[in-house]
Trainee: 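Structure incoming, see below.
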Protein chains: 2
Amino acid sequence: MDINSTGRPPGRPREFEIEDALDKAIIVFSERGYHAASISELKDAMGLAAGSLYKAFKDKKAIFLASFDRYKQVRNALLDQELAEGANGRDKVSRMLRFYAEASHGENGRRGCLVVGTAIELAVYDADAAERVGRSMARTEAMIEALIREGQADGSIPPAIDPLATAHVLLSVTQGLRVLGKTGPNRDRAFSVVDAAMKLLD
Amino acid sequence: MDINSTGRPPGRPREFEIEDALDKAIIVFSERGYHAASISELKDAMGLAAGSLYKAFKDKKAIFLASFDRYKQVRNALLDQELAEGANGRDKVSRMLRFYAEASHGENGRRGCLVVGTAIELAVYDADAAERVGRSMARTEAMIEALIREGQADGSIPPAIDPLATAHVLLSVTQGLRVLGKTGPNRDRAFSVVDAAMKLLD
DNA sequence: TCTATTTGGGAACGATCGTTTCCAAACTAA
DNA sequence: TTAGTTTGGAAACGATCGTTCCCAAATAGA
C-alpha cells in the first residue's frame, strides 16, 4: 500500500448514498410501475440530476434492477427478523402470513410489491426481470416449505400435511394478498385471510 | 318508420367488428401491460390505421377500458358455462379454481390476466381502472361465497365453514395463481394448488 | 345528382421519453 | 502546481409517444 493512499478512488466523491437514492426509487417504481415511472419522476424523487443518475447507473433498467435487489434485501431482512421471534414452525408460518397481510392494506398495500409488479409488467419479455422474480418466488416457497417441515418436527403441524403442496398454496395466498391490497381492502380483511388460510395447517 | 330507412346510420360503414378488434387488443394489453402497449403495436395487432382507431375510440385509455370490459364479459361467460356443469356447491368451487389454474400456466399464464394487470399497473392512480378492478374482485368474491353457501345447503360443504372468510382466501389464491402463472409454473403445479386449497372446504 | 356524414389511411404534430454531452467543481497522484 | 479522473447539473439530442389533421371513399337522404 502507498503511504499517501487514502483508500478513496480518484475523482470527485459522490455526494449521495446509492442506497438512499434506491429507497426513493423503490417508492416510485412500486407506485407507478416500471414504464410509467419516468426518469424525470425518478430524478426528482431521488434528488439527483439526470447526469448524476446516468453516472451511477447504466440506464433506466439498471436503476430498476438495483431497486429490485435493494427491495428484496430490505424485505428479506425484515421477514427474517420477524420469523426469528416465532415460537415454533406453525407460529412462524402465521408470522410470515401476517407479514404479508401487514404489507397488503392501506398505504403500503396501494404502494404495492415490487416483485409482483415486476412479474406482471416486465417478466414476460425481460429475461433479467424474469430471473429475479423466479428466484424470489422460489426462495419464498422454499422458506415456507422449510417452516412447515420445522412445524412437523416440533409437533406444531400435523405430519399428514404435504409440505410442498401446502407451500404452493400459501405462496399463492401471499401473492394474491398483494394484488388485492392494490385496491385497498382494510386491515381486518387482510388479516382474516391469514386466519382462514392457517386452516391449511390443521 | 320511413319507407326508405335501412336502419343504418349515415356515413361510410365501419369495415371491421369492434369486438374482433378488442379481442386482438386484449392480447396486446395482457402481454405488454397498459403503458408498454403502444398505439403502434395496438393498431398493427388490431389491423387498423391510427385514424380509424381514434374514430372508434376516444383515446388510448378508452381502448383499454373497452378491452377490459370485453375481457370480463368473455371470461365471465366461460366461467358461468363451466360452473353450470357442477354437480353441487363443492364441485363448483373446485371447477372455479380449476378454471383459474387452467389460465395460470403455459402460454395463457404468461399472457396474464387483464384484471390483475390493471390492479397492479393502473388502479392506484386511475379511478376508472380502480372501479372496474374493485367491481370485478367483489363480483368474484361474492360468487365464491355464494357457491360455498350452496355447498352448505346441498351438504357437500360442512356448515362449520365460514363462507365469507373462506371466500376471501380462495379469491387470494386465484389472484396469486395468476401472478405465479406469469413466470410460468407448469400445469401440474398450478393444479396442485387447487387440490391443496380444496382442503379449506373440509 | 347533390349534400351531409362517417370511415380508411397515412402524413404530420407537439410533447415527452430515455439518454448524451458539456462544463465547472472536487478530488487523487505526481 | 499540474494532469488525470469523476461527479453535479443543466442543456440538448434523436426517437417515439399519443393524437390530430387531411383527403379519398362509401354510405344515406333529399
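Quick caveat: nothing in here was measured; it's all calculated off a predicted structure.
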Trainee: Going by number, which of residues 52-63 of chain A have a non-hydrogen atom under 4.0 Å from DNA chain C?
Mentor: A:Y54, A:K55, A:D59, A:K60
Trainee: Considering only side-chain heavy atoms of B:S38, which listed nucleotide, D:dG18, C:dC27, D:dA10, is closest?
Mentor: D:dG18
Trainee: In whole Å, what is the span from the CG atom of B:L48 to the P atom of C:dG10?
Mentor: 12 Å
Trainee: If you look at every heavy atom in A:E141 and A:A167, which pair is closest and at what distance?
Mentor: O-CB, 3.9 Å
Trainee: Starting the side chain at C-beta, find the nucleotide from D:dA11, D:dT19, D:dA28 nearest to B:P10.
Mentor: D:dA28
Trainee: Send over the distance from A:E41 CD to C:dT16 C1', rounded to a whole Å.
Mentor: 12 Å
Trainee: Check this one for me: any side-chain N or O of A:R12 less than 4.0 Å away from OP1 or OP2 of C:dA25?
Mentor: no
Trainee: Could you state the atom-to-atom distance from CZ of B:F16 to P of C:dT7 in whole Å?
Mentor: 9 Å
Trainee: To the nearest angstrom, how far is A:D44 atom CG from D:dG9 atom P?
Mentor: 12 Å
Trainee: Determine whether a donor-acceptor pair (N or O, by modelled atom type, separation under 3.5 Å) exists between the side chain of B:K182 and the backbone of B:C113.
Mentor: no
Trainee: Can you tell whether the side chains of A:K61 and A:D126 come within less than 4.0 Å, N to carboxylate O?
Mentor: yes
Trainee: Rounded to whole Å, please give me the gap between CZ in B:F64 and C1' in D:dC17.
Mentor: 18 Å
Trainee: Which is more 5' along DNA chain D, the nucleotide nearest A:G51 or the one nearest B:A37? Just name the residue.
Mentor: A:G51
Trainee: Does this structure show an ion pair linking A:E102 with A:R187, if we count only N-O contacts that are shorter than 4.0 Å?
Mentor: yes
Trainee: Can you tell me how far P of C:dG10 sits from CD1 of B:I39, to the nearest Å?
Mentor: 16 Å
Trainee: Can you measure A:M46 atom CE to D:dT7 atom C1' for me and round it to whole angstrom units?
Mentor: 15 Å
Trainee: Would you indicate which nucleotide in D:dG9, D:dT20, C:dG8 comes nearest to any side-chain atom of A:A49?
Mentor: D:dG9
Trainee: Keeping A:R32 on the side-chain end and B:L122 on the backbone end, is there a donor-acceptor pair under 3.5 Å?
Mentor: no
Trainee: Begin from the C-alpha positions of B:L114 and B:F64 and carry the test side-chain contact (heavy atoms from CB on, under 4.5 Å) through to its verdict.
Mentor: CA-CA 10 Å; B:L114 211 45; B:F64 181 81; 4.1 Å; yes
Trainee: Any luck finding a side-chain donor-acceptor pair between B:R132 and B:S136 under 3.5 Å?
Mentor: no
Trainee: Can you measure B:K43 atom NZ to D:dT20 atom P for me and round it to whole angstrom units?
Mentor: 17 Å
